[in-house]
Engineer: 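I have a structure here, written as structure tokens, and I will follow up with some questions on it.
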Amino acid sequence: MGTGSAAPEKILTNFDLEKLVDTSDEWIRVRTGIERRHIADDKTTSATMAFEAAQKALKDAGIKPKAIDHILIATVTPDMPFPATACIVQERLGATKAAAMDLNAGCSGFIYALSLADALIRSGNGENILAIGVETLSKITDWTDRNTCVLFGDGAGAAVVTPTEEKEKGLIATYTQSDGSMGRLLMLPGGGSRNPTSLHTVEQRMHFVKMNGHDLFRPAILSMVEAAVSVLEKAHLSSEQIDLLIPHQANLRIIDAVAKKLKLPREKVYVNLDEYGNTSAASIPIALDEAKRKGLVKTDDLVLMVAFGAGLTWGAALLRV
Ligand code: UT7
């Protein structure tokens, strides 16, 4: 699986945030594990970062843009509601044969994209699928709300999913789930058909992320563990066989709790949220690409990716490299 990633150059540290809201580096580090995050400038959008990550992934896979059959972009921060950010990227890449669409499954979006890519390939509907997770969360962050503004960051990760002759290689199983009854815990209420953009929605700050992090904490752990166990069951494998866990990077305490329940030692868990914060749908593909480039993912390794997010949604994917 060819991979690539991109993140804006500008860094915002916890100390920078101390100047914006009533918070402290210590609170953020201890409660979340985050130390800094990458923040987009005015010219950087989800499409520009997705394009950069996609170019790197295609190079890594040795595949030309014209050979791509589908572009799937997981994001909650598209360039605009339509056209799809995937179509903007399709044009920039010159992927003239590709179908293109965005999908919104919150922070689980990249897992959903992998699951769709796998299904498209298995059903004979395509050979080369470009799956991207990208977010420009800084542009929907309320920089006056300390409950949320310390958490998020921007970035993109991409993967080229292709068929493999070897039965036990590549994406060996995926699992996806949702529960809309808890959707109110994490939302962006303004700008859609329920609350169309108006002076009222702007004044009420309804175009920014609203999150009840406290009430999400437990469901996040439980659902990520459920997804991990379910995908392992599907593949008739056990957690001892995992070489690397790549969890959604929302909170180090959540990651540690999930790893503990799966009985995985810390050295088998990839963590980079100290550097990026929570980049929602981009967090897993960025981490996968970094882990590969650091030599932490070797041939025949079993990688478990697991995510949880807005919707609520959750899911997992098992990759044999
Ligand atoms: O991406 C997928 C979806 N998101 C998640 O899965 C996020 C899950 N939740 C979390 O990661 C954590 O709940 C948070 C990091 C969001 C919050 O941590 P917490 O330990 O659950 O804190 P809390 O919300 O219970 O707040 C504890 C205290 C409160 O003060 P009082 O009421 O005890 O006086 C907050 O007002 O911490 C206060 N607080 C802060 N203090 C300093 C909240 N944010 C901050 C802050 N700096 N930035």
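Values reported hereafter were calculated over all heavy atoms of this structure, with side chains retained and with hydrogens, waters and symmetry mates removed. In listed order, ligands and their atoms are each counted from 1.
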Engineer: Can you check whether a protein heavy atom sits less than 4.0 angstrom from atom 11 (O) of ligand 1?
Structural biologist: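 So atom 11 (O) of ligand 1 has protein heavy-atom neighbours under 4.0 Å.
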Engineer: Before giving the answer on salt bridge (charged side-chain N to carboxylate O under 4.0 Å, His left out), spell out for Asp256 and Arg266 the whole-Å C-alpha distance, their side-chain angles and the decisive distance to 0.1 Å.
Structural biologist: CA-CA 8 Å; Asp256 282 343; Arg266 190 64 184 276; 3.6 Å; yes
Engineer: Does an N or O anywhere in Gly213 fall below 3.5 Å from an N or O of ligand 1?
Structural biologist: yes
Engineer: How close does the nearest protein non-hydrogen atom get to atom 4 (N) of ligand 1, and which residue and atom is it?
Structural biologist: Met211 SD, 3.7 Å
Engineer: Any donor-acceptor pair under 3.5 Å linking the side chain of Asp79 with the backbone of Ala47?
Structural biologist: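 Side chain of Asp79 to backbone of Ala47: a pair is present.
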Engineer: Counting heavy atoms only, which part of Ile28 comes closer than 4.0 Å to ligand 1: side chain, backbone, both or neither?
Structural biologist: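 It is neither part, as no heavy atom is under 4.0 Å.
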Engineer: Does the N or O separation between Arg146 and ligand 1 drop below 3.5 Å for any pair?
Structural biologist: yes
Engineer: Closest non-hydrogen protein atom to atom 1 (O) of ligand 1, residue and atom name please, with distance?
Structural biologist: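 Minimum-distance protein heavy atom for atom 1 (O) of ligand 1 reads Asn278 ND2, 2.7 Å.
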Engineer: Checking Asp154 side chain against Ser138 main chain: does a donor-acceptor pair fall under 3.5 Å?
Structural biologist: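 The answer is yes, because a donor-acceptor pair under 3.5 Å joins these two groups.
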Engineer: My understanding is that only residues two or more places apart in sequence, or in another chain, count here; which of them pass ring-ring contact (aromatic ring centres under 6.0 Å, His included) with Tyr112?
Structural biologist: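 ring-ring contact (aromatic ring centres under 6.0 Å, His included) list for Tyr112, sorted by chain: empty.
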Engineer: Check whether any protein heavy atom sits under 4.0 Å from atom 33 (O) of ligand 1.
Structural biologist: no
Engineer: Decide whether an N or O pair under 3.5 Å exists between Ser24 and ligand 1.
Structural biologist: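 No; every N/O pair is 3.5 Å or more apart.
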Engineer: Starting from atom 22 (O) of ligand 1, what is the nearest protein heavy atom, named by residue and atom, and what distance separates them?
Structural biologist: Arg31 NH1, 3.4 Å
Engineer: From Asn212 CG over to Thr148 OG1, what is the distance, rounded to the nearest 0.5 angstrom?
Structural biologist: 11.5 Å
Engineer: Any atoms of ligand 1 less than 4.0 Å from a non-hydrogen atom of Val150? List them with their elements.
Structural biologist: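 Taking each heavy atom of Val150 in turn, ligand 1 has 48 (N) under 4.0 Å.
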Engineer: Hey, is atom 43 (C) of ligand 1 touched by any protein heavy atom at less than 4.0 Å?
Structural biologist: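 Given the 4.0 Å limit, the answer for atom 43 (C) of ligand 1 is yes, a protein heavy atom qualifies.
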Engineer: Heavy-atom distances under 4.0 Å decide this one: backbone, side chain, both or neither, for Thr23 against ligand 1?
Structural biologist: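 Near ligand 1, Thr23 shows its backbone as well as its side chain.
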Engineer: Give the atom numbers and elements of ligand 1 that come within less than 4.0 Å of a heavy atom of Ala250.
Structural biologist: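 Counting from 1, the qualifying ligand atoms are 1 (O).
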Engineer: Can you tell me how far the NE2 atom of His200 sits from the CE atom of Met206, to the nearest 0.5 Å?
Structural biologist: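 Between atom NE2 of His200 and atom CE of Met206 there are 5.5 Å.
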Engineer: Show which atoms of ligand 1 fall inside a sub-4.0 Å distance from at least one heavy-atom site of Thr32.
Structural biologist: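 Those of ligand 1 that fall under 4.0 Å from Thr32 are 15 (C).
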Engineer: Within the 4.0 Å heavy-atom shell around Asn251, which atoms of ligand 1 are there?
Structural biologist: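 Under 4.0 Å from Asn251, ligand 1 has these atoms: 10 (C), 11 (O), 12 (C), 15 (C).
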Engineer: Starting from atom 21 (O) of ligand 1, what is the nearest protein heavy atom, named by residue and atom, and what distance separates them?
Structural biologist: His214 ND1, 3.7 Å
Engineer: Determine, using heavy atoms of Thr148 and all atoms of ligand 1, whether some pair is separated by less than 4.0 Å.
Structural biologist: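 Contact absent.
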Engineer: With heavy atoms of Phe217 as the reference, note each atom of ligand 1 found under 4.0 Å away.
Structural biologist: 9 (N), 10 (C), 12 (C), 13 (O)
Engineer: Using atom types as modelled and distance alone, determine if a side-chain donor or acceptor of Thr174 lies under 3.5 Å from a backbone N or O of Ser115.
Structural biologist: no
Engineer: Counting N and O atoms only, with roles assigned by atom type, does the side chain of Thr141 sit under 3.5 Å from a partner on the main chain of Cys149, one being a donor and the other an acceptor?
Structural biologist: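 Pair absent, no side-chain N/O of Thr141 close to backbone of Cys149.
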Engineer: Measure from the side-chain N and O atoms of Ser230 to the backbone N and O of Glu226, and report whether any donor-acceptor pair falls under 3.5 Å.
Structural biologist: yes
Engineer: Of all the atoms in ligand 1, which lie at a distance below 4.0 Å from a heavy atom belonging to Asn147?
Structural biologist: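 Taking each heavy atom of Asn147 in turn, ligand 1 has 43 (C), 44 (N) under 4.0 Å.
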Engineer: Can a salt bridge be assigned to the pair Asp300 and Lys169 using a cut-off of 4.0 Å between side-chain N and carboxylate O?
Structural biologist: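 So Asp300 pairs with Lys169 through a salt bridge.
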Engineer: Show which atoms of ligand 1 fall inside a sub-4.0 Å distance from at least one heavy-atom site of Cys107.
Structural biologist: 1 (O), 2 (C)
Engineer: Identify, with sequence neighbours excluded, every residue that meets side chain to side chain donor-acceptor pair (under 3.5 Å) alongside Gln55.
Structural biologist: none
Engineer: Taking NZ, NE, NH1 and NH2 as the nitrogens, is one of them in Lys97 or Asp69 under 4.0 Å from a carboxylate oxygen of the other?
Structural biologist: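 Counted as a salt bridge, because a side-chain N and a carboxylate O are separated by less than 4.0 Å.
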Engineer: With Thr3 as reference, evaluate Lys56, Glu290, Lys292, Arg293 under the side-chain hydrogen bond (donor to acceptor under 3.5 Å, both in side chains) test and give the passing residue.
Structural biologist: Lys292
Engineer: Give, for atom CG of Leu151 and atom CG of Leu273, the distance between the pair rounded to the nearest 0.5 Å.
Structural biologist: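 It comes to 9.5 Å.
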Engineer: Report the nearest protein non-hydrogen atom to atom 18 (O) of ligand 1: residue, atom name, distance rounded to 0.1 Å.
Structural biologist: Arg253 NH2, 3.4 Å
Engineer: Starting from atom 39 (N) of ligand 1, find the nearest protein heavy-atom neighbour and note its residue, name and distance.
Structural biologist: Trp27 CZ2, 3.4 Å
Engineer: Using a 4.0 Å cutoff against the non-hydrogen atoms of Leu186, which atoms of ligand 1 qualify?
Structural biologist: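 Those qualifying, in numeric order: 3 (C).
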